[in-house]
2 protein chains.
Amino acid sequence: MLDKREKRILGAVIHNYIATALPVGSRTIAKKYRLDLSPATIRNCMADLEEAGYLTHPHTSAGRIPTDKGYRFYVNRLMEREDLSREEKARIEKEYSNRMNRIDQIMEETSQVLSLFSHYTGFVLAPNLEESIFHHLELIPLENGRILSILVTGSGLVKNRIIEIEKVLSQERLQKILALINNRLPNLPFKRIKEFISDQLKIEGQAKGIWELMDQIFTWDGAEELYLGGRINILEHPEFRDLTRTKSIFQALEEKRLLTAVLNKTASSEGVRILIGKEARWRKIKDLSLVTSTYRINGLPAGVLGVIGPRRMEYSKVVSLVDFMAKMVSEVLTNLSHTIISSRRVGK
Amino acid sequence: MLDKREKRILGAVIHNYIATALPVGSRTIAKKYRLDLSPATIRNCMADLEEAGYLTHPHTSAGRIPTDKGYRFYVNRLMEREDLSREEKARIEKEYSNRMNRIDQIMEETSQVLSLFSHYTGFVLAPNLEESIFHHLELIPLENGRILSILVTGSGLVKNRIIEIEKVLSQERLQKILALINNRLPNLPFKRIKEFISDQLKIEGQAKGIWELMDQIFTWDGAEELYLGGRINILEHPEFRDLTRTKSIFQALEEKRLLTAVLNKTASSEGVRILIGKEARWRKIKDLSLVTSTYRINGLPAGVLGVIGPRRMEYSKVVSLVDFMAKMVSEVLTNLSHTIISSRRVGK
DNA sequence: CCTTAGCACTCATCAAATAAGAGTGCTAAT
DNA sequence: ATTAGCACTCTTATTTGATGAGTGCTAAGG
């Protein structure tokens with residue numbers, strides 16, 4: 001365990017490194033932070049911290065820079081949360097207010113705001129369908145047994161695609177099925193829909209063609225939608241002057257699958273999560289950190305949003321920002337979902 | 001007018017500069033291109049070309065590089081089209097084959113293919129709604145007079161958004177209107193829909209609430225959807241080593257509005273269009289060139305696709321690629337639209 | 001025993017100096 | 001009209017030396 005002095009010095013090093021991106025030496029700390037210690041003492045202490053794995057040396061005679069472990073300790077134990085000022089919150093809310101009724105607009109805008117206020121790259125992973133609830137289905141028949149299926153979720157997300165079935169169903173038949181679905185399924189979570197349908201079909205002795213249709217409608221590849229805002233912000237930071245590295249990072253950002261995979265691994269616990277460098281266990285983003293939070297619809301986890309930036313990130317600010325945005329999005333989406341769900345009572 | 005020799009030399013300079021990104025000198029040309037002229041002669045000639053505005057000097061004792069005017073001449077008069085090889089076409093078709101039934105997937109995939117085969121950045125501007133034809137409308141009522149409107153175009157594009165109206169319409173009323181619309185409007189171009197509706201309403205003496213609703217459904221902001229693929233490819237090219245410039249270019253790419261504006265200005269003439277550097281009349285992309293083509297649905301202009309890269313672009317190859325992809329997309333979308341439109345005859 | 005001053009040593013970075021090379025533009029010869 | 005030759009310019013790469021930040025160690029002081 002680190003003693004009090006070591007903590008203070010570690011904190012000072014990280015704080016300074018975050019601000020400057022330059023290796024920080026003992027003198028700097030002695031001068032800038034009122035520790036009342038001589039550089040020499042600090043040097044000794046830093047040597048200890050290095051041995052313990054919290055700091056490293058880029059080369060023999062340079063200052064220290066934090067390791068992943070160092071950042072982790074800072075984030076867990078040292079860092080104080082820097083709440084957003086009232087003005088900032090107001091600005092965000094203003095950025096946010098207009099025309100926020102299409103869910104994809106909300107996602108897009110959120111990723112923009114996250115990047116704008118953090119100066120890093122913002123992202124939003126769209127609501128996970130499995131976790132959503134069903135609201136409405138439309139089927140528009142095309143030729144050759146093709147059908148355009150339009151699926152509306154409880155959160156107002158609209159998913160459409162063209163499906164093909166072997167057995168051609170008549171128009172009346174289709175209408176009947178549709179009515180049945182829109183009558184029985186609303187508010188059912190998607191992950192329980194298939195079993196529900198198969199149960200119902202058994203009871204009512206319906207044909208196989210319908211099951212085939214249903215199966216296609218309610219099956220989708222896991223490719224969730226990822227919104228990224230402010231990719232260029234990455235270029236702002238000195239550690240990415242070097243194009244060779246930067247390029248691989250842009251490649252990583254372009255590969256939505258990668259990010260999606262990483263994000264899906266972060267457990268959907270409460271609050272803000274931080275993933276530093278190699279902790280993400282993904283080579284391509286080993287020099288990046290993620291600050292993420294889960295947003296919820298009606299209290300149920302729906303998706304993930306957050307910020308991607310250099311390991312040397314202003315965690316204290318970013319954490320507050322991400323937290324705030326997660327709550328904001330949760331609220332907006334929950335409201336939207338109420339609008340939609342309660343329409344059942346009023347409209348029909 | 002340039003004489004034969006000047007043309008050959010200009011062609012050689014540009015060809016070489018495209019390949020190397022380095023200013024090209026008289027010796028290089030004398031050696032690499034069988035012009036049977038001494039460097040000195042070539043120098044004289046290049047001086048003339050410079051005076052005429054086709055070439056420049058970065059500094060006194062460097063080789064020549066082409067100006068916008070030089071590129072323009074090259075593209076218009078000198079360049080031979082380098083057709084795609086059979087293998088390339090086969091590869092593209094293979095990349096393209098799978099699951100191409102959702103229109104947004106087609107757009108996404110097309111932009112990817114464009115970037116993959118050009119090594120520049122590919123883009124597709126989604127079909128312009130104004131030019132599309134109506135196919136189907138669904139209205140799903142929510143509470144408080146909110147309505148989820150789902151609009152299907154003749155090309156299979158699905159647009160959905162939530163609209164609000166003052167006067168609450170009853171469920172039956174809504175159904176009636178919907179039936180009417182889906183009966184009368186199909187195959188009508190969107191740009192003629194509003195007048196059509198207002199005519200109809202007059203004849204049938206319907207209430208104002210309906211006009212308000214219709215107006216909202218068939219009005220949209222011009223924000224068309226832009227798909228970009230392979231942004232990073234820009235980083236591959238030596239002229240963008242310099243981060244300062246590169247950053248502004250990424251900003252430009254991020255600003256979809258900008259690109260959309262530029263693209264909408266390129267007239268929808270036949271075939272491939274090339275925009276070089278400042279010709280686009282937009283400061284931020286003054287160091288970039290665009291190669292674009294219009295794709296069509298049933299012979300009617302629907303949208304624009306193409307490639308964005310450095311001014312020093314391999315125009316001869318890229319032109320063929322863009323041309324090919326435009327034809328490909330036209331075909332795919334036209335087929336898709338047939339599937340959808342003919343469903344009227346079969347399904348209903 | 002902890003802290004600190006002092007000092008030798010290591011690297012990285014910067015600037016100036018130098019060298020090399022590419023390319024031009026001009027002149028004079030062919 | 002073409003070309004060879006040459007002086008001149010400017011860029012780029014390389015070397016060199018100086019500077020300075022920072023460490024690690026040792027020994028002295030509280």
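Throughout, protein chains are lettered first and strands after them, A, B, ... in sequence-line order, and every chain is numbered starting at 1. These numbers come from a predicted model, not from an experiment.
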**Prompt:** Over its full length, what angle do the end axes of the helix from C/dC1-D/dG30 to C/dT30-D/dA1 make, each axis taken from five pairs and the result rounded to 10 degrees?
**Reply:** 20°
**Prompt:** Taking atom P of D/dA13 as reference, at what distance in whole Å does atom CG of B/L22 sit?
**Reply:** 10 Å
**Asked** Are A/Y315 and A/Y71 close enough that some pair of their side-chain heavy atoms sits under 4.5 Å apart?
**Response** yes
**Prompt:** How long is the line joining NZ of A/K31 and P of D/dG20, in whole Å?
**Reply:** 13 Å
**Asked** What integer distance in Å separates A/N44:CG from D/dC25:P?
**Response** 9 Å
**Request:** Could you check how far CG of A/D48 sits from P of D/dC25, rounded to whole Å?
**Result:** 12 Å
**Complete:** dist A/L37:CG -> A/I29:CD1 (nearest 0.5 Å) comes out at 10.5 Å
Determine all donor-acceptor pairs shorter than 3.5 Å in which one atom belongs to a side chain in residues 227-238 of chain B; sequence neighbours excluded.
{"unit_1": "B/N233", "atom_1": "ND2", "unit_2": "B/S115", "atom_2": "O", "d": "3.3"}
{"unit_1": "B/N233", "atom_1": "ND2", "unit_2": "B/Y120", "atom_2": "O", "d": "2.9"}
{"unit_1": "B/H237", "atom_1": "NE2", "unit_2": "B/H119", "atom_2": "O", "d": "3.2"}

**Complete:** Considering only heavy side-chain atoms of A/H59, the closest of D/dT3, C/dA12, C/dT4 is C/dA12
**Complete:** From CD1 of B/I29 across to P of D/dT3 the rounded distance in Å is 15 Å
**Message:** I'd like to know if B/E239 and B/R311 make a salt bridge, using a cut-off of under 4.0 Å between side-chain N and carboxylate O.
**Reply:** no
**Message:** Applying the side chain to side chain contact (heavy atoms under 4.5 Å, CB included) criterion to A/F123, which one of A/T110, A/T260, A/T292 satisfies it?
**Reply:** A/T292
**Message:** Are A/L49 and A/E6 packed together at the side-chain level, in the sense that at least one heavy-atom pair is separated by less than 4.5 angstrom?
**Reply:** yes
**Asked** Reckon A/T41 has a side-chain N or O less than 4.0 Å from the OP1 or OP2 of C/dT4?
**Response** yes
Just the atom pairs and distances: protein N or O near nucleotides 18-25 of chain C's N or O, under 3.5 Å.
{"unit_1": "C/dT24", "atom_1": "OP1", "unit_2": "B/R64", "atom_2": "NH1", "d": "3.3"}
{"unit_1": "C/dT24", "atom_1": "OP2", "unit_2": "B/S26", "atom_2": "N", "d": "3.3"}
{"unit_1": "C/dT24", "atom_1": "OP2", "unit_2": "B/S26", "atom_2": "OG", "d": "2.7"}
{"unit_1": "C/dG25", "atom_1": "OP2", "unit_2": "B/R64", "atom_2": "NH2", "d": "3.4"}
{"unit_1": "C/dG25", "atom_1": "N7", "unit_2": "B/R43", "atom_2": "NE", "d": "3.0"}
{"unit_1": "C/dG25", "atom_1": "O6", "unit_2": "B/R43", "atom_2": "NH2", "d": "3.0"}

**Message:** Does any part of the side chain of B/L10, heavy atoms only, come nearer than 4.5 Å to the side chain of B/L2, both counted from C-beta?
**Reply:** yes
**Request:** Rounded to the nearest 0.5 Å, what's the gap from CD1 on A/I285 to CG on A/L259? Could you check?
**Result:** 6.0 Å
